[in-house]
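Just so we're on the same page: letters track the sequence lines, and every chain starts at 1.
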Amino acid sequence: MKVLPRSFYSRDTVKVARDLLGKKLVRKIGNRTISGIITETEAYRYKDDPASHAFGGVTERNKVMFGQVGIAYIYFTYGMHYCFNAVARNSHYDAGAVLIRALKPELGIKEMFKNRKINSFNNLTNGPAKLTQAMRITKKQYGEDLTSSATLYITEGIKIRKIGANPRIGIKNGADMLWNFKIEI
DNA sequence: GCAGAGATCAGCT
DNA sequence: GCTGATCTCTGCC
């Protein structure tokens with residue numbers, strides 16, 4: 001399956017968020033492969049988006065949002081959780097990223113159960129911090145290049161039907177923008 | 001089935 | 001010192 005090129009990520013952040021639905025997130029650990037179809041995303045932009053981490057300018061945590069597109073932005077939150085984003089924006093913006101909120105597990109489901117230490121299939125990767133745990137994504141993958149990495153990347157996926165647009169989850173400011181996107185499989 | 005507490009870090013006031 | 005792009009476990013409001 002073809003890895004998404006850099007040009008895929010150098011378009012408007014909201015457009016990239018929609019287009020990532022149905023694509024495949026792949027993670028290699030040793031000789032094992034873990035993968036899943038992306039089923040929910042959220043766009044976070046820059047100065048026009050008060051909910052974005054980049055809104056207030058560069059910090060130690062968010063600096064890759066201002067760097068090259070197609071890079072993994074992973075942040076630590078609530079003292080225990082990691083969330084995974086792909087840096088994406090067009091030339092009108094200096095920062096932007098797409099949060100991957102949910103996956104449909106494909107390969108390596110056994111590994112995911114092990115990583116998550118649970119037994120219910122439904123709770124495997126249906127939340128941003130759940131999928132990072134299932135795929136063993138941590139700060140070590142911060143700044144990884146998704147277009148050239150051998151251990152963490154995104155490829156072409158499946159054809160999708162209808163996309164649902166909703167307010168983003170867990171934010172106060174910017175809740176009027178419908179930048180949460182979802183598909184049913 | 002749903003509300004509330006707890007975990008405990010980076011960034012802001 | 002408080003808040004959050006969260007999840008899990010507990011107890012019944």
- [ ] Would you mind reading off the distance between A/Asn122 atom CG and C/dT8 atom C1', rounded to a whole angstrom?
- [x] 16 Å
Task: Residue-level proximity of residues 126-142 of chain A to DNA chain C when a heavy atom falls under 4.0 Å - done: A/Gly127, A/Pro128, A/Ala129, A/Lys130
Task: Lys NZ or Arg CZ of A/Lys110 over A/Phe113 ring: under 6.0 Å, within 45° - done: no
Open item on the list: What is the distance, to the nearest angstrom, from the NZ atom on A/Lys182 to the P atom on C/dA5?
Closed with: 18 Å
- [ ] Figure out the CD1/P separation between A/Ile74 and B/dA10, and round it to whole Å.
- [x] 15 Å
Open item on the list: Which residue in the set A/His92, A/Arg89, A/Arg45 passes side-chain hydrogen bond (donor to acceptor under 3.5 Å, both in side chains) when paired with A/Asp12?
Closed with: A/Arg45
Open item on the list: How many whole angstroms separate atom CZ of A/Phe181 from atom P of C/dA5?
Closed with: 18 Å
TODO: Measure from CD on A/Glu40 to C1' on C/dA5 and round the result to the nearest Å.
DONE: 11 Å
- [ ] Specify the separation, in whole Å, of atom CZ of A/Phe55 and atom C1' of C/dA5.
- [x] 15 Å
Task: Within 45° cone of A/Tyr9 ring axis and under 6.0 Å: A/Arg6 NZ or CZ - done: no
- [ ] When you get a sec, tell me which of B/dC12, B/dA7, C/dA5 is the closest nucleotide to the side chain of A/Thr59?
- [x] B/dC12
Open item on the list: Using a 4.0 Å heavy-atom cut-off, does A/Asn85 contact any base of the nucleic acid, only the sugar-phosphate backbone, or nothing at all?
Closed with: base
- [ ] Please state how far atom NE2 in A/His81 lies from atom P in B/dC9, giving the value in whole angstrom units.
- [x] 13 Å
TODO: Cation-pi check, A/Arg168 to A/Tyr44: give yes when NZ or CZ is under 6.0 Å from the six-membered ring centre and within 45° of the ring axis, no otherwise.
DONE: yes
Open item on the list: On the nucleotide C/dT8, are OP1 or OP2 found under 4.0 Å from the side-chain N or O atoms that A/Arg116 carries?
Closed with: yes
Open item on the list: Could you go through A/Phe84 and A/Tyr75, starting from their C-alpha distance and side-chain angles, then the distance that decides it, and tell me whether this counts as ring pair (Phe, Tyr, Trp, His ring centres under 6.0 Å)?
Closed with: CA-CA 7 Å; A/Phe84 172 76; A/Tyr75 67 90; over 10 Å; no
Open item on the list: So, under a plain 3.5 Å distance rule, would you say the side chain of A/Tyr75 forms a donor-acceptor pair with the base of B/dA10?
Closed with: no
Task: Test ring-ring contact (aromatic ring centres under 6.0 Å, His included) applied to A/Tyr82 and A/Phe76, A/Tyr73, A/Tyr142, the passing residue - done: A/Phe76
TODO: May I ask you to check whether A/Tyr46 and A/Tyr93 place their ring centers less than 6.0 Å from one another?
DONE: no
TODO: Show the numbers, then the answer: is there a side chain to side chain contact (heavy atoms under 4.5 Å, CB included) between A/Glu40 and A/Asn180?
DONE: CA-CA 7 Å; A/Glu40 188 178 353; A/Asn180 169 292; 2.9 Å; yes
Open item on the list: Between P on C/dT6 and CZ on A/Phe84, what's the gap in Å once rounded to a whole number?
Closed with: 16 Å
- [ ] For nucleotides B/dA5 and C/dC13, find the distance between their C1' atoms and express it as a whole number of Å.
- [x] 14 Å
- [ ] Verify whether one side chain among A/Thr147 and A/Asp145 offers a donor that lies under 3.5 Å from an acceptor in the other.
- [x] yes
Task: Side chain proximity check, A/Cys83 to A/Leu99, heavy atoms < 4.5 angstrom - done: yes
Using a cutoff of under 3.5 Å, can you pull out all pairs of nitrogen or oxygen atoms linking the protein to nucleotides 2-4 of chain C, with atom names and distances?
unit_1: C/dG4; atom_1: OP1; unit_2: A/Lys172; atom_2: NZ; d: 2.4

Open item on the list: Once pairs are restricted to Watson-Crick or G-U wobble with both distances under 3.5 Å, how does DNA chain B read as a dot-bracket string, [ ] for crossings and | for other-strand pairs?
Closed with: |||||||.||||.
Task: Sugar-phosphate only, base, or nothing, as touched by A/Leu99 at under 4.0 Å among non-hydrogen atoms - done: base
Task: Span that lies between the P atom of C/dA5 and that of B/dT13, in whole angstrom - done: 14 Å
Open item on the list: Please check if the number of heavy atoms outside A/Arg18 that lie under 6.0 Å from its CZ is greater than 12.
Closed with: no
Open item on the list: Would you say A/Thr151 and A/Glu144 are linked by a side-chain donor-acceptor pair, where the criterion is simply a distance under 3.5 Å?
Closed with: yes
